[in-house]
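To find a chain, count down the sequence lines: A is the first, B the second, and so on, and within it residues start at 1. Nothing here was measured: the structure is a model prediction, and the numbers come from that model.
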Number of protein chains: 2
Amino acid sequence: MARIPAEQRRHALVQAALAVIYRDGVAAATTRTVVAEAGMSLASFHYVFDSRDELIREVIAAIVEDVEVAASLSLEPGRDIAETVRNGLRAYMLHVQADPMREVMLNELMNHALRDPELAHLPQIQYRIYRRTAATLLELAAAVSGVRWNRPMDEMAHLFATFTDGLSLTWLGDRDDEAAERTIELAALAVSVFAVPIEQPADPV
Amino acid sequence: MARIPAEQRRHALVQAALAVIYRDGVAAATTRTVVAEAGMSLASFHYVFDSRDELIREVIAAIVEDVEVAASLSLEPGRDIAETVRNGLRAYMLHVQADPMREVMLNELMNHALRDPELAHLPQIQYRIYRRTAATLLELAAAVSGVRWNRPMDEMAHLFATFTDGLSLTWLGDRDDEAAERTIELAALAVSVFAVPIEQPADPV
DNA sequence: GTCTATAAGGAGATAGAC
DNA sequence: GTCTATCTCCTTATAGAC
């Protein structure tokens, strides 16, 4: 076969591993299934990776770097904050429902990381990213709806990220579309307690 | 070795499997490690189980039946509803923090179930139990704090269960005790919008 | 650098003695 | 019913030709 730079080969193997894990789970991602997916020989694998463990670690690191959270708010001015938040949560939910196995895969890889002392720090990085994404979205939502949050932004972001986490995990378990929709509705209403009109510097709750 | 009834042997093997999975993950629960944990021979395993798959299925079914959710509310009358809910969420959080690997194990087993068509229905049962537990707790909390919920109980329960799910998963990932505490505080306050004093049949929001 | 061939061991499952 | 011994397959990883 062609002479491929080591870095490129590593990348191709990581991508192949992701495809296998997505399809059949982490356990199914043996060196053999991965090289088959990548169209390589087993020896080529060991030329660029010392071991299967090293591959899995690179897979998890790649996931952490690339987590693109479904972060499209339908930002229509004129909507009140509850409506804007609800629309954002709905968009997130649709993203999960459109590709459930992606979430299962992410959960599997996180569990794997949590059991490997060498990887245990990676989920923390990932959750930092989640939180920052949440913060950005919450700021946008507030701006569009003409409110501000009367709680520290990082607290609001953590609340929001926690809730979306629960939303996807619970739906993966119960597959109850309507319950998810109603829960989103309630959460959007509830979280609006922390929004105050941007004019008056109130201090409610 | 002693002559053990098949049912009892199956049970012992399921318990041994749980111990192994708790310690080292589902992947580590091979027939050999499990029988070693149970102090049996490999043949004894296959005398009562057709295959490893059957064992893992029984393990997951056992988990679903036995899920005892940490459901102790510190129910002190006189506390307002936000405080009561917050105390309940704190108790749940303490339970998770006291034994993180138990949660990791539950996540692993759920992921496993989600990938096995024969087991895919089990998480739904489990989540039905979660919801019913949540409903019971929310009713108790309301009673103790002299309020009622102005939303359907099953909606409130699903919201509550979703949030606790997110709480544990997020904490497993970020291990941020203080953020969890603040998120609990905010959630308890937010969810209180749906509580109305028990005297007046109001209809807010 | 990339390949085929193979070593070395772990896995699930069974045979057959007791 | 329970055991030891074994079959067969699959795994990770390496050797050595090209």
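- Contact annotation: the side chain of Asp154(B) approaches that of Arg182(A) to within less than 4.5 Å [non-hydrogen atoms, C-beta and beyond].
- Going from atom CG of Asp24(B) over to atom P of dG10(C) covers 16 Å, rounded to whole Å.
- You'll find that the side chain of Arg52(B) is closest to dA13(C), out of dT14(D), dA13(C), dA15(C).
- Of the candidate nucleotides dA13(D), dC3(D), dT2(C), dA13(D) has the atom nearest to the side chain of Ser51(A).
- Once rounded to the nearest 0.5 Å, the distance linking OH of Tyr22(A) with CG of Leu109(A) reads 13.0 Å.
- Rounded to whole angstrom, the span from the CD1 atom of Ile56(B) across to the C1' atom of dG12(C) amounts to 13 Å.
- Leu42(B) comes within 4.0 angstrom of a nucleotide base, judged by non-hydrogen atoms across all strands.
- In this structure, CG of Asp53(B) is placed 15 Å from P of dA11(C), rounded to the nearest angstrom.
- Taking only side-chain atoms of Arg3(B), from C-beta outward, the nucleotide of dG12(C), dA15(D), dT2(D) with the closest atom is dT2(D).
- In this structure, Arg10(B) places its CZ atom 14 Å from P of dG1(D), rounding to the nearest Å.
- Atom CG in Leu13(A) sits roughly 11 Å away from atom P in dT2(C) (whole-Å rounding).
- The NE2 atom of His46(B) sits 14 Å away from the P atom of dC3(D) (whole-angstrom rounding).
- We find that OH of Tyr47(A) is positioned 12 Å from P of dC3(C), with the value rounded to whole Å.
- Between Arg131(B) and Asp176(A) there is a salt bridge, since a side-chain N of the basic residue sits under 4.0 Å from a carboxylate O of the acidic one.
- Checking dT2(D), dG12(C), dT11(D) against every side-chain atom of Thr30(A), the shortest atom distance belongs to dT11(D).
- Taking side-chain N and O atoms only, Arg9(A) has no distance below 4.0 Å to OP1 or OP2 of dG1(C).
- Among Leu167(A), Thr170(A), Thr162(A), the single residue meeting the side chain to side chain contact (heavy atoms under 4.5 Å, CB included) criterion with Asp165(B) is Thr170(A).
- Ser44(B) has no side-chain polar atom (N or O) that falls below the 4.0 Å cut-off from OP1 or OP2 of dT2(D).
- Minimum atom distance to the side chain of Ala43(B) is reached by dC3(D), of the listed dT14(D), dG12(C), dC3(D).
- Checked by distance alone, Arg32(B) brings a side-chain donor or acceptor within 3.5 Å of a matching partner on the base of dG12(C).
- Separating the CZ atom in Phe160(A) from the OG1 atom in Thr133(A) is a distance of 10.5 Å, to the nearest 0.5 Å.
- Rounded to whole Å, the distance from CD on Glu54(B) to P on dG12(C) is 14 Å.
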